[in-house]
*Asks:* 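If you scroll down you'll find the structure; I have some questions about it.
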Amino acid sequence: MPASLTLLLADLQLFPPAASAQAGPIDDLYWFEIIVSAIMTVLIFAAVILFAWKYRRRANVRATQIEGSNVLETTWSIIPFLIMLIMFWWGAKLFFAAQNPPKDAMEVFVTGKQWMWKVQYPDGSHEINALHVPVGQPVKLTMASEDVIHSFSIPAFRVRHDVVPGHYDSLWFTATKPGRYRLYCTEYCGNAHASMSGWVEVLNDRDYANWAGGGSHGSLAEQGQQLFEQNGCSTCHLLDQQGRCPILRGVYNKPVQLDDGRTVIADDSYIRESILDPNAKVVSGFQPNIMPNFKGQLSEEQVIQLIAFVKSLSPPTPASQQGGQQRPVVIAPKAKAPAKAPAASAPQQ
Amino acid sequence: MATIAHGTPEIAAEEVNYLNVEHGWKSWLFTTDHKRIAFLYLISITAMFFVGGTMAVLFRINLLEPEGIFSSETYNRLFSMHGIVMVFFFLVPSIPATLANFLIPIMIGAKDLAFPRINLLSWYLYVFGAIFTIYAVARGGVDTGWTFYAPYSSTYSNSYVLSAVMGVFVAGFSSILTGLNFIVTVHKMRAPGMTWSRLPLFVWSNYATGLLQVLGTPVLAISLTLIAFERVAHVGIFDPNIGGDPILFQHLFWFYSHPAVYIMILPGMGVISEIVACFSRKRVFGYNFVAFSSMAIAVLSFFVWGHHMFVTGEAMYTSVAFSFLSFMVAVPSAIKVFNWTATMYKGSVSFDTPMLYAFGFIGLFTIGGLTGLFLAALATDVATHGTYFIVAHFHYVMVGGMVMAFLGGLHYWWPKITGRLYPEAWAKFAALIIFIGFNLTFFPQFILGYLGMPRRIHAYPPEFQALNVLSTAGASILGIGYLIPMIYFAWSIRKGPKAPANPWGATGLEWEIQSPPTTYNFDETPIVTKEAYDYGPLEEVVG
Amino acid sequence: MSAFHVPIPKVGTLVAVWATLIVLTGLTSYVSYFELGEWNIVVALLIAVTKASLVAWVFMGVRHSTTLTRLFCVAGLAWLMILILLTYSDYSTRNWTYQAQPWSTNKAAGTSR
Amino acid sequence: MLGMWTFLITEVLFFGGMFAAYAVYRNMYPDAFASTSKFMDVVLGGTNTAVLICSSLTMVLAVRAAQLSKRAHLILFLILTMIFGTIFLVIKGFEYHSKWVEHLVPGFDFQYDEPRYQHNAQILFFLYFAMTGMHALHMVIGLGLLTFLLVQAKRRIFNENYFAPVEMIGLYWHFVDIVWIFLFPLLYLIGHRR
Ligand code: HEA
Ligand code: HEA
Ligand code: CUA
Ligand SMILES: [Cu+2]
């Protein structure tokens, strides 16, 4: 057995690689917590051992009764609390910073289903349980689930987000070190939950260009265009003239006036909802119940392609930079946002 | 009612006590004596602990090999049942339904709980719940994890979710009734002179636990009911296809289940307060603070449930609030740890088995609690959620904390409960084995967790094998460690030396009556004139 | 517990409360026929709270009860509010986003290239 | 008595879970929820509210009678309370029946005449059935308890020194009334006549 033991130990790893821009800062916090914990643990162990030994029971020595001490109690409530405040503040700061992707983030779509991750790129290529990203480039994942809750996790990047069916979840990171890292599903999702894992490949620019160049299938938007024809969207949504339906050209990321008076930004989630549950938000001036419900007929992957097509109908203007997937800089309601007039609910900064 | 003692001469010679007043199974199954009910509970939860533990051993064996040994179906059922059995059928009722059930009336100078029949009812509910759950196992098990997350549990899983949910639901009511009983008992049944500031800390912490049970459990009940409706009739409440929101289930579930983790630690803290005081021959340092911190934990624990949902897409500002409140709830725990430590200062410390468990508790709970802070901090939670880091965290608090406290308390009050002594040397040996086995099992899991190993997986990447093998090795040591007390306790019930009324020289009403107590505990209602920990003259500390 | 002097409520009081409750029921139904926007629910809930308090205060005898009982009532309500408000806080603030200064792209790019 | 109050707290939170769900979904789908109001019969709902309030009055009078050892009154008021409770359940039964006929029971061929809200309205109807159903269940239990009181009253068990069970069941009954006081506006009066 010793042989196999050494083999095991050779693999022994104690700390994960840090391969994204946010990994470092999170590790710093982690180490801070470890050090605080170590100090506290040692202090308490030391005190327990010291007292237990020094005041061990001896004949004729009686315990000294002590009532307590408010000063001590206050000290050992306040000091830990202050230390905890640091942890809280630090953790929250990093968490906030991880919320919204930078404007120039490259967008990749991820669909989770029992039991695999399907990854789609804007150029139309797709892969299963694998993700290729260029180094140094912020990447935003837009994630949907076909069935139950999954959770997309890349430990080396210290990122993770649940993928809840019914809407888009997102996640972003900037990979900093070329290499292969594991990705997992970390929300229990049924029998083969364990095999819902794969690899992230971080490539340097040249390798990434090579890898990305190979696509022969049309871009995501082109695939979306095909679906647009096949599913009869084009019969109603004529590209340039308005019939019973809104024109989709130029809609993306613009505010849309709804029939109940609300205004929403036509982002990915909004378009997804418009396709899968068109009546949830009806554009003002149009009738509900005309557009058929595509739930159950289109998979989340196909919806992603359609969105890419709709997006391509709104060519980036100087104001909205490349790719078109930017979020408005001002705080804007996410499209899933239920109810509430945005003016009332959007807190400024 | 039952036939009176056709007992052996030996028993006949014995003083009358609650164990030998009546014989026959009827005298047990229809008893309303809180002590007998506590005994029934003790037997049932021990059985459930071994059921849950055996499952743990089985799936730990599976984890020896990266590609797993069992099928994923089997593995998923094992850990789900392990979690369900351990949480709802072992740890939640562990100390409250056994030790506290036995001791609260005695400690406050009462003859029984306020509602003896409800107490018995709660045991029956527990048993029914357990039967439902075992039935689910027998039919093929449940594979949802103990958290029953929708829509997996409500729509997708094809295991026996319904009967397990029913089981937990029923057991939940048993827990509510226990809590209700404690609350009313503590309010209404205290002996004359037993003021709130004289209550033993064990009573305080179980009172706080009672509040948690009463306020939290109904919400669990309703959320499980909704899951059941969804499963049976596809009503759509958590179904994203018709606009239902699975996250809502998590809110309702954790509204109970976070407070539940304090149901699973507060009684343990109470035990430790008693043990530390007794074996240091000292009153607990800062009695008021320790008592008050139990209540603070009970109240604050209801404000933090969202910390289980940081990565679900919970609103960012809500997460921040929950994170902050999670740190708040840690402060009273810290107060307790410091006070126990300070109690030993200038004490007269002896190293009997219960005290060893108390040391174990203080150390392991501190580690478990401190790693809880890693999870309460938003950024590090994102890095560790859903991994073995969480598994390690909660075993440190639940097994390292509560199970240690339970064993400590069991040893401490064993002479009172059974009237017999246990073999001290074996007990010390077992405590040591358990401590070692425990750390070996769960410490490696912290490392695994930060490396990214997800929980609830039957197969894992090969680079994690070394640590997993260590962990399994630890689990088998731990398992043996748990067997030893089983054996000597069983032995001691029949053959152990007779225990005196107060083997430890402790204060407290329970030590002033005979071991084991008579059915009505006290011949006449005691009048309390002293505080709980009256170990001698007092000295004020200034400073 | 109960053998002692319990204040016996006057029939008149009870009937008056009953009448008020009936009137309030009518009122809340009546008001619902008007379009008050967000206020509809506010009014409806205010009336409901008033009715519930009346029932608790008079019919359930809270007005004569001990502080402890009152404390329990308040606790029940407080916990209900915790449950509802904190859950609600999640849903009602999901659309509040925040554009932080993320780990600046330049910095990341700078270190890696 | 304290035991009863404690029990009522658990009841508050038991219903509370559903109220929380209601709050969340109503906030998510205000229009769909409002659209269901045409299926909610305000007259029946209002009548039922009144019936329950009357039953609360008779209940409190029953307690009073018990406190004063007026056995005949006690029995009378208990019977009245039970009659009101039964009326409530019968009316509720009619409402359920009409929902069933109109295919408005989630899980049983649910159909909504406004396709636009088909899905989200289903959630409201489920909540409607869950909440009122749970409430009705409590009413049924309450009627059982009242029957028990009635039997005991007939047996002359209660007198001015012993009436705790009447008081306790009274508390329970009033609590069930209070739940309805909230259910009525929330379920019947939402977006009414919009
Ligand atoms: C007995 C049970 C128990 C107890 C007592 C605790 C105590 C705590 N827990 Fe734990 N927890 C669980 C059982 C428990 N937990 C379980 C079962 C889960 C997982 C459920 C699942 O998903 O399956 C979980 C998960 C869990 C999570 C969610 C993780 C995730 O899924 O992403 C979080 C996040 O905040 C958390 C935090 C805390 C905190 C802050 C405490 C605090 O109360 C700890 C307070 C104690 C201390 C802090 C130590 C003593 C203090 C000192 C010695 C003072 C010195 C301190 C300083 C100077 C800072 N826990
Ligand atoms: C509440 C109490 C509790 C207790 C006491 C335990 C006790 C143990 N737990 Fe448990 N555990 C949970 C609560 C608990 N657990 C919960 C809530 C989960 C989450 C479930 C989920 O994800 O849904 C979990 C999950 C969990 C996992 C993660 C599984 C996964 O995510 O894939 C692991 C892995 O190691 C584990 C291990 C153990 C071990 C080794 C013990 C040991 O302490 C057990 C020791 C006991 C025995 C060993 C039995 C007694 C001895 C014998 C029967 C003799 C025979 C045995 C030998 C000779 C070896 N537990
Ligand atoms: Cu997907 Cu786990
Ligand atoms: Cu928690």
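So you know, we letter chains A, B, ... as the sequences are listed, proteins then strands, and number each from 1. Quantities reported herein were computed from a predicted structural model and do not represent experimental measurements.
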*Asks:* Can you tell which part of A:Asp277 gets under 4.5 Å to a heavy atom of chain B, answering side chain, backbone, both or neither?
*Replies:*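 Answer is neither: A:Asp277 stays 4.5 Å or more from chain B.
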
*Asks:* A:Glu33 versus chain B, heavy atoms under 4.5 Å apart: side chain, backbone, both or neither?
*Replies:*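 It is both, since atoms from each part get that close.
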
*Asks:* Take B:Tyr317 and A:Phe96, measure what ring-ring contact (aromatic ring centres under 6.0 Å, His included) needs, and give me the verdict at the end.
*Replies:* CA-CA 9 Å; B:Tyr317 291 97; A:Phe96 268 49; 5.7 Å; yes

*Asks:* To the closest 0.5 Å, what do you measure between CG (A:Asp162) and CZ (B:Phe310)?
*Replies:*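 Reported value, rounded in 0.5 Å steps: 13.0 Å.
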
*Asks:* Heavy-atom distance under 4.5 Å to chain A: side chain of B:Thr387, backbone, both or neither?
*Replies:*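 The side chain, not the backbone.
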
*Asks:* Considering only heavy atoms from C-beta outward, does the side chain of A:Phe95 approach that of B:Asp381 to under 4.5 Å?
*Replies:* no

*Asks:* Using non-hydrogen atoms and a 4.5 Å limit, figure out which bit of A:Pro165 sits close to chain B: side chain, backbone, both or neither.
*Replies:* both

*Asks:* Heavy-atom pairs under 4.5 Å with chain A - which of B:Pro454, B:Ser348, B:Ala376, B:Pro444 has more of them than the others?
*Replies:*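 Option with the greatest count: B:Ser348.
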
*Asks:* Looking at B:Pro332, B:Ser72, B:Gly347, which makes the most heavy-atom pairs under 4.5 Å with chain A?
*Replies:* B:Gly347

*Asks:* Between A:Gly91 and B:Leu378, what is the shortest heavy-atom contact and its length?
*Replies:* O-CB, 3.8 Å

*Asks:* What part of A:Ser77 lies closer than 4.5 angstrom to a heavy atom of chain B: side chain, backbone, both or neither?
*Replies:* both

*Asks:* Which atoms form the tightest heavy-atom contact between A:Tyr184 and B:Gly452, and what is the distance?
*Replies:*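 What the structure gives for the nearest pair is CE1-O, 3.5 Å.
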
*Asks:* Charged N to carboxylate O below 4.0 Å: is that the case for B:Glu463 and A:Arg182?
*Replies:*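 A salt bridge is present here (some side-chain N lies under 4.0 Å from a carboxylate O).
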
*Asks:* Let me confirm one number: the OH-SG distance from B:Tyr149 to A:Cys189, rounded to the nearest 0.5 Å.
*Replies:* 13.5 Å

*Asks:* Roughly how far, to the nearest 0.5 Å, is the OG atom of A:Ser37 from the CG atom of B:Leu373?
*Replies:* 6.5 Å

*Asks:* When you measure from the side chain of A:Arg160 to the backbone N and O of B:Val311, does any donor-acceptor pair fall under 3.5 Å?
*Replies:*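 No, because the side chain of A:Arg160 does not come within donor-acceptor range (under 3.5 Å) of the backbone of B:Val311.
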
*Asks:* Restricting to non-hydrogen atoms, name the atom on A:Val148 and the atom on B:Pro151 that form the minimum distance, rounded to 0.1 Å.
*Replies:* CA-CG, 4.0 Å

*Asks:* Run the ring-centre check on B:Phe79 versus A:Tyr188 and record whether the distance is less than 6.0 Å.
*Replies:* yes

*Asks:* A:Phe51 and B:Thr343: side chain to side chain contact (heavy atoms under 4.5 Å, CB included), yes or no, with the steps?
*Replies:* CA-CA 9 Å; A:Phe51 292 164; B:Thr343 303; over 6 Å; no

*Asks:* For the residue pair A:Phe15 and B:Tyr450, categorise the inter-ring angle as parallel (less than 30°), tilted (30 to 60°) or perpendicular (more than 60°).
*Replies:*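 Geometry flag for B:Tyr450 against A:Phe15: tilted rings.
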
*Asks:* For B:Phe279 versus A:Arg57, what's the shortest heavy-atom pair and its separation?
*Replies:*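 What the structure gives for the nearest pair is O-NH2, 3.4 Å.
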
*Asks:* Who among A:Leu43, A:Ile34, A:Val163 has the most heavy-atom pairs with chain B under 4.5 Å?
*Replies:* A:Ile34

*Asks:* Please flag which part of A:Leu85 lies under 4.5 Å from any non-hydrogen atom of chain B: side chain, backbone, both or neither.
*Replies:*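 Side chain only.
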
*Asks:* Relative to chain A, which segment of B:Asn241 carries a heavy atom at a distance below 4.5 Å: side chain, backbone, both, or neither?
*Replies:* both

*Asks:* Between B:Ser280 and chain A, with a heavy-atom cut-off of 4.5 Å, which part of the residue counts as in contact: side chain, backbone, both or neither?
*Replies:*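 Answer is backbone: N, CA, C or O of B:Ser280 sit under 4.5 Å from chain A.
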
*Asks:* Looking at B:Gly363 and A:Phe45, what are the two nearest heavy atoms and their distance?
*Replies:*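 Where B:Gly363 meets A:Phe45 most closely, the heavy atoms are CA-CE1, 3.3 Å.
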
*Asks:* Which residue out of B:Ala459, B:Ser157, B:Gly286, B:Ala377 racks up the most heavy-atom pairs below 4.5 Å with chain A?
*Replies:* B:Gly286

*Asks:* Rounded at 0.5 Å granularity, tell me how far OG1 in B:Thr341 sits from CD1 in A:Ile49.
*Replies:* 11.0 Å

*Asks:* Quick one: of B:Leu448, B:Ile447, B:Val382, who has the most non-hydrogen atom pairs under 4.5 Å with chain A?
*Replies:* B:Val382

*Asks:* On the 0 to 90° scale, with breaks at 30° and 60°, tag the A:Phe88-B:Phe327 ring pair as parallel, tilted or perpendicular.
*Replies:*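 Geometry flag for B:Phe327 against A:Phe88: perpendicular rings.
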
*Asks:* Flag the pair A:Ile149 / B:Gln250 as yes when at least one side-chain heavy-atom distance between them is below 4.5 Å, and no otherwise.
*Replies:*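 When only atoms from C-beta onward are counted, B:Gln250 and A:Ile149 do touch, with a gap below 4.5 Å.
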
*Asks:* Measure distances from B:Phe389 to the heavy atoms of chain A and classify the residue's part below 4.5 Å as side chain, backbone, both or neither.
*Replies:* side chain

*Asks:* Would you find more than 12 non-hydrogen atoms of other residues, nucleotides or ligands less than 6.0 Å from A:Trp199 atom CH2?
*Replies:* yes

*Asks:* Run through B:Ile362, B:Val349, B:Thr366, B:Val337 and flag the one making a side chain to side chain contact (heavy atoms under 4.5 Å, CB included) with A:Val48.
*Replies:*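 With A:Val48 as partner, side chain to side chain contact (heavy atoms under 4.5 Å, CB included) holds for just one option, B:Ile362.
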
*Asks:* If we ignore angles and hydrogens, is there a donor and acceptor under 3.5 Å between the side chains of A:Asn191 and B:Tyr75?
*Replies:* no

*Asks:* Using a 4.5 Å cut-off on heavy atoms from C-beta on, say whether the side chain of A:Val164 contacts that of B:Pro246.
*Replies:* yes

*Asks:* Is there a donor in the side chain of A:Asp147 and an acceptor in the side chain of B:Tyr152, or the other way round, less than 3.5 Å apart?
*Replies:*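 Note: A:Asp147 and B:Tyr152 side chains miss the donor-acceptor criterion.
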
*Asks:* Assign the ring pair B:Phe285 / A:Trp76 to parallel, tilted or perpendicular, where the plane angle (0 to 90°) is split at 30° and 60°.
*Replies:* tilted

*Asks:* From A:Ser153 OG over to B:His385 NE2, what is the distance, rounded to the nearest 0.5 angstrom?
*Replies:* 9.5 Å

*Asks:* Would you mind telling me which of B:Gly244, B:Gly386, B:Ser350 has the largest number of heavy-atom pairs within less than 4.5 Å of chain A?
*Replies:*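 Of the candidates given, the most pairs with chain A belong to B:Ser350.
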
*Asks:* Decide side chain to side chain contact (heavy atoms under 4.5 Å, CB included) for B:Met328 and A:Phe81; before the verdict, give the C-alpha distance in whole Å, the side-chain angles of both, and the deciding distance to 0.1 Å.
*Replies:* CA-CA 7 Å; B:Met328 295 282 290; A:Phe81 184 61; 3.6 Å; yes

*Asks:* Considering only heavy atoms, which portion of B:Ala330 lies under 4.5 Å from any heavy atom of chain A: side chain, backbone, both, or neither?
*Replies:* both

*Asks:* Among A:Met84, A:Arg56, A:Lys295, who wins on heavy-atom pairs under 4.5 Å with chain B?
*Replies:*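 Of the candidates given, the most pairs with chain B belong to A:Met84.
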
*Asks:* Using a cut-off of under 4.5 Å on heavy-atom pairs, state which of A:Lys54, A:Arg58, A:Gln114 scores highest against chain B.
*Replies:* A:Gln114

*Asks:* Applying side chain to side chain contact (heavy atoms under 4.5 Å, CB included), run through B:Arg456 and A:Glu187 and close with a yes or a no.
*Replies:* CA-CA 9 Å; B:Arg456 301 170 167 181; A:Glu187 182 60 63; 4.2 Å; yes

*Asks:* Where do B:Leu451 and A:Leu14 come nearest, in terms of heavy atoms and distance?
*Replies:* CD2-C, 3.9 Å

*Asks:* Return the CE to OG1 distance between A:Met87 and B:Thr380, rounded to the nearest 0.5 Å.
*Replies:* 8.5 Å

*Asks:* More than 12 heavy atoms of other residues, nucleotides or ligands under 6.0 Å from CZ of B:Phe292: yes or no?
*Replies:*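 For B:Phe292, atom CZ is not crowded (no more than 12 foreign heavy atoms under 6.0 Å).
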
*Asks:* Hey, are B:Asn339 and A:Glu73 close enough side-chain-wise for a donor-acceptor pair under 3.5 Å?
*Replies:*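 Short answer, yes.
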
*Asks:* Between A:Ala47, A:Ala52, A:Ala23, A:Ser197, which has the largest tally of heavy atom pairs under 4.5 Å with chain B?
*Replies:* A:Ala52

